[in-house]
Amino acid sequence: MRDDLERILFHETTILARLDELAEQITRDHLGKELSVVVILHGGMVLMADLLRRVHMPLWIETLTASSYHGGTASKGVVDLGPDGLPDVKGRHVLILDDILDTGLTLATVKKQLIESGGAEGVRTCVLLRKKKERAVRIGADYVGFEIGDEFVVGYGLDFAGRYRNLPFIGVLKDEVIRGELPGKGVE
Ligand code: XMP
């Protein structure tokens, strides 16, 4: 799988060191509060495991499936929420965890739903990566691991056509792989 990458952006040690900092910040900001963490699947699951084990306070973990890519490398502009619907967050302080802030559509949709339909008391957002780009959707993130350029990345939970999520580092995928030019790789 390493051969499919053009270059590595963040090694595991770099990611984990940054998670130590983020976890400390999150713990400090939520002292004395009852926190529900809503993890966006599937991309947020590796971040969830490594980040939340560093957050030293009682918290509840909920999950939500959201997809807007459907196997490709660009958002289709519509966010599908999974069949299980919203977790119960009524009156709770919520932290949404996602792998990456790209167009912002996913975070904006989930945040709006958790407040308007879910009745959350307050919602903050945390992403491992934020792409530096102009966004039609105006949404920031309260906690950001790293800012990156506008290129397609995989690893550490991020996939291309379902693959590469288990890479322990984050890298930029080769164009040939995205175009499906390497045998047995890419999207049909
Ligand atoms: P939006 O555009 O809604 O994107 O902010 C959020 C979701 O899209 C996926 N995404 C990516 N997945 N490499 C990936 O593997 C990328 O560069 C990338 N950009 C966006 C991701 O699932 C994220 O939650």
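Quantities reported herein were computed from a predicted structural model and do not represent experimental measurements. Residue numbers run from 1 in the order of the sequence given. Note that ligands are numbered from 1 as they come in the structure, with each ligand's atoms numbered from 1 the same way.
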Task: Contact check, H42 vs ligand 1, heavy-atom distance below 4.0 Å - done: no
Task: For K131, the ligand 1 atoms whose distance to one of its heavy atoms is below 4.0 Å - done: 16 (C), 17 (O), 18 (C), 19 (N)
Open item on the list: Just to verify, which of K132, K131, R135 counts as forming a salt bridge (Lys or Arg N to Asp or Glu O under 4.0 Å) with D102?
Closed with: K131
Open item on the list: Below a 4.0 angstrom heavy-atom separation, can you tell me which part of I40, side chain or backbone, both or neither, approaches ligand 1?
Closed with: neither
Open item on the list: Taking 4.0 Å as the limit for heavy-atom contacts, which would you say applies to E151 with ligand 1: side chain only, backbone only, both, or neither?
Closed with: backbone
Open item on the list: Judged on heavy-atom distance to atom 21 (C) of ligand 1, which of V153, V110, D99 sits nearest?
Closed with: D99
Task: Contact check: L158 vs ligand 1, nitrogen or oxygen atoms, below 3.5 angstrom - done: no
TODO: Find all atoms of ligand 1 within a distance of less than 4.0 Å from any non-hydrogen atom belonging to L105, and give their numbers and elements.
DONE: 3 (O), 5 (O)
- [ ] Examine ligand 1 and decide if any of its atoms is less than 4.0 Å from a heavy atom belonging to F152.
- [x] yes
Task: Those residues that, when tested against E21, pass salt bridge (charged side-chain N to carboxylate O under 4.0 Å, His left out) (two or more places apart) - done: R18
Open item on the list: Which residues pass the salt bridge (charged side-chain N to carboxylate O under 4.0 Å, His left out) test with R138, not counting sequence neighbours?
Closed with: none
Open item on the list: To check you understand the geometry: which heavy-atom pair defines the closest contact between V38 and P87, and what is its length?
Closed with: CG2-CG, 4.0 Å
Task: Cluster link I100 to L167, ILVMFWY, side chain under 4.5 Å - done: no
Open item on the list: Could you check whether Y156 and D50, counting side-chain N and O atoms only, form a donor-acceptor pair closer than 3.5 Å?
Closed with: yes
Task: D102 neighbourhood, listing ligand 1 atoms whose heavy-atom distance to it stays under 4.0 Å - done: 1 (P), 2 (O), 4 (O), 5 (O), 19 (N), 20 (C)
Open item on the list: Checking contacts here: is it the side chain or the backbone of D98 that comes within 4.0 Å of ligand 1, counting heavy atoms only? Could be both or neither.
Closed with: side chain
TODO: Could you tell me whether the side chain of L128 reaches within less than 4.5 Å of the side chain of I170, counting heavy atoms only?
DONE: yes
- [ ] Using only heavy-atom distances, determine whether the side chains of Y143 and D29 contain a donor-acceptor pair under 3.5 Å.
- [x] yes
Task: Residue selection (non-hydrogen contact nearest atom 6 (C) of ligand 1) among V154, T103, L128, T106 - done: T106
